[in-house]
Structures are given as structure tokens and as C-alpha cells.
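What follows is a single structure, written as C-alpha cells, with notes after it.
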Protein chains: 2
Amino acid sequence: MTAQKTGSTDASDHLVEEFRAFLGKEGLKATRQRDLIVRVFADCKDHIGVEDLVQLVKQQDAAVGYATVYRTLKLLVQAGLASVRHFGDGFARFEPRHEEHHDHMICEKCGTIAEFHNEKIEELQEEVVRSRGWTLRRHRHELYGLCPNCR
Amino acid sequence: MTAQKTGSTDASDHLVEEFRAFLGKEGLKATRQRDLIVRVFADCKDHIGVEDLVQLVKQQDAAVGYATVYRTLKLLVQAGLASVRHFGDGFARFEPRHEEHHDHMICEKCGTIAEFHNEKIEELQEEVVRSRGWTLRRHRHELYGLCPNCR
DNA sequence: TTTAGTGCAAAATGTTTGCACCTCT
DNA sequence: AGAGGTGCAAACATTTTGCACTAAA
């Protein structure tokens, strides 16, 4: 085998597996680059931007280009294995899809991103939507403020 | 006077007034273009994109350029008279600042945008943030789904 | 061997900016 | 007169795409 597997973990192996399954099902091909990108993506911190991800990937294979990373992330999202977020700073952030849904708190000073979940809010959202005759498919709920360190 | 005032309303006159006050206070100048842009902005439907706004403005003065519209909107936001929203479709939407805060419901099929407000959700947000030692400055809460017509 | 993927560079998109000229104050 | 504004086109930043070449299946 020629592909390196530096930094592989259970989590990344698992995501690579799932992604390969998706590719197979869709008649798409598994490639060295896709495996690498997905593995790096699975192991890095959440809410990573493409720029940062490319840097990490290039540490293991300098030949991988932006286009491939963009294309792979798009496929991951289509596969339901990742989700995109736009926090209004101009570029997209990606995170592996978590089992449990969560929303985000963003520190406007240091940029820290934390996660939160509140079941009551989720229920109220449903209620708001239903009472107006709409159907809820997804939502985005972001709280911007100052984290404990920056207050 | 040379500036046209087609379509002027109480609402638009009021916003123009406020904006002029802001400009004066900041040592900036009131201009024909700024008046026009603000007037059109105040009278059109909420959540307008720059593209659409430019079209409306050009109907009254074809010489006004994109740059001026962008610059004026930025000033309006700085003045606290308008706010920007990014709904993830790539371009910014603007709306005049309302007295009462509200959030948005977006139809994923026809693009309709409705507004909602739920005080209980607002309180729960505050609680989430406070319990983690954060301070809430602003938030974004968007519900994506299907409107009654598109279900 | 056929179909899809890759890397590059060019294009596209939404937004900002440099500059010569114009216009408020 | 002088500070600031405008319109244009060029610059930007992020993301997408066309194409010749390469690699899975």
C-alpha cells in the first residue's frame, strides 16, 4: 500500500467507511485523496474552514488541491455525513454530522465557537412553525456574544 | 430642486431624516443618491438583496452604481437604521431596523420569508447563554421549511 | 477499458476599493 | 475651496468549472 495513514483514529476510520459506502452506492469511486480528506476532516476540530482543512491535508499530501477538497466536502454533505455553516465571516465552515443536533454560540471577540442544545427551544420552534401552517425542515440558531474569557 | 421624489411616503421620509441626522453628526454629507437609495430602501419589502435594490433605484436614476448602494447600505447599518442578514444563498439581504425584534422563517421551495417572534424562546436563549457564563449580544434564529402554499 | 476523479488555471459570484472627477457644505 | 462622494473598472475572496491527464472499477 502506498497511501499514508498518519493520524488515523477510530472516528476517522468510521467516517471513511461510511463515506466509501455512500460512494459505492452512488456509483462513485473511492480514491486516495478522498480517503485522506475525510480522515483529516474527521479528526480535526469542528467548524473548520476550507482553508484550514486544505492546510492540514497538504501536510500529508502536498499535491491535493483546493478543488478536490471542495468537491469532497460537497459530497460529504450530500451523503449526510457533514454539514455546512455560514457564520457571516465570508467563508463556509464544515463539521462532521453529530448524532445529536446542536446549535452554536460564537464569541464575537475571540471567535470561540461552543455548542448548545435546549430541547424546550426545539419544541417552541416546532410550535411556532406549525401554528402558522408551515412545515419545519431545518433551522439555524446562533447566539453571538462574549465567552467567559472575554467578558 | 432637481432631485425627484417619486414614491415618497411617511416611512421613507422618516428614514431619510434619521439618516441625514446621522450623516451630519458624523461629518458626512447628504447627497441626492443617498436620499434616493434610502427612500427606495424604506419603501420596498423587507429582506431585499442589493441586486434588487439597485434595480429599483435605477428606475429612478439609472446613473447610480452598485458601489454607491453598497456604501450607503453599509452606512445605514453603521447608523443602526438597517440590519444585514445572510440566509446562506450567497448574498446579503437588508431590512430597515424595526422597533421590535423578530426572527425569520424561510420557505425552501418558493423563497418566501416570514417573520416570527416568540418571547419564550428569547428568554430561553438568555438562560442558555447565562448558565454557561457567556454574555448574549445578538442572535440569529432562522427556521427553514415549507410555507402553507408549498406543502 | 470505461467511467469518474484530479489538479491546475480560468471563470464566476458577491462585495470592496483605487482613482479621476464631481458635489455638498 | 476643501472634505467627502460618485461611478467606473479593477481588485478581492471564496467557490465553481472546463479541460487534459490519471486512476479506480
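Letters go in sequence order (proteins before strands), and every chain restarts at 1. Remember, it's a predicted structure, so these values are computed and weren't measured experimentally.
- The distance between atom CD1 of Ile37(A) and atom P of dG5(C), rounded to the nearest whole Å, is 12 Å.
- The CG-C1' distance, from Leu76(A) to dT15(D), rounds to 17 Å in whole Å.
- OP1 or OP2 of dG7(C) sits under 4.0 Å from a side-chain N or O of Gln33(A).
- Atom P of nucleotide dA4(C) and atom CG of Leu75(A) are separated by 13 Å, given to the nearest angstrom.
- For Lys74(B) and Arg20(B), each mapped to the nucleotide of DNA chain C holding its nearest heavy atom, the one lying further toward the 5' end belongs to Lys74(B).
- Between dG7(C), dA9(D), dT16(D), one nucleotide has an atom nearer to the side chain of Thr68(A) than all others, and that is dG7(C).
- Along DNA chain C, the nucleotide nearest Gly27(A) and the nucleotide nearest Tyr66(B) are compared for position; the residue whose nucleotide lies closer to the 5' end is Gly27(A).
- Other residues, nucleotides and ligands contribute at most 12 non-hydrogen atoms within 6.0 Å of the NE2 atom of His14(A).
- Counting atom types as modelled, Arg71(B) pairs a side-chain N or O with a base atom of dG7(D) as donor and acceptor under 3.5 Å.
- dA3(D) atom P lies 18 Å from atom CD of Glu26(B), rounded to whole Å.
- Asp61(B) has its CG atom 16 Å from the P atom of dC22(C), to the nearest Å.
- Closest contact between the side chain of Phe91(A) and the listed nucleotides dT6(D), dT15(D), dT15(C) involves dT15(D).
- Taking the six-membered ring where the residue is Trp, His104(A) and His102(A) present perpendicular rings, their angle passing 60° and hence far from 30°.
- Counting to the nearest Å, the P atom of dT13(C) and the NE2 atom of His86(A) are 17 Å from each other.
- Taking only side-chain nitrogens and oxygens, Tyr70(A) never comes nearer than 4.0 Å to OP1 or OP2 of dT16(D).
- Under the 4.0 Å criterion applied to side-chain N and carboxylate O atoms, Arg140(B) and Glu142(B) are assigned as salt-bridge partners.
- Side-chain atoms of His139(A) and Asp103(A) include a donor-acceptor pair closer than 3.5 Å.
- Of the candidates Glu119(A), His117(A), Glu122(A), His101(A) forms a side chain to side chain donor-acceptor pair (under 3.5 Å) with just one, namely Glu122(A).
- The separation between Leu53(B) atom CG and dT15(C) atom C1' is 15 Å, rounded to whole Å.
- To the nearest angstrom, P of dT6(D) lies 12 Å from CG of Leu73(B).
- Between Thr31(B) and dT23(C) there is no side-chain polar atom (N or O) within less than 4.0 angstrom of OP1 or OP2.
- Taking 4.0 angstrom as the limit, Arg34(A) places none of its side-chain polar atoms (N or O) nearer than this to OP1 or OP2 of dA4(C).
- Of the side-chain N and O atoms in Lys29(A), none sit less than 4.0 angstrom from OP1 or OP2 of dT3(C).
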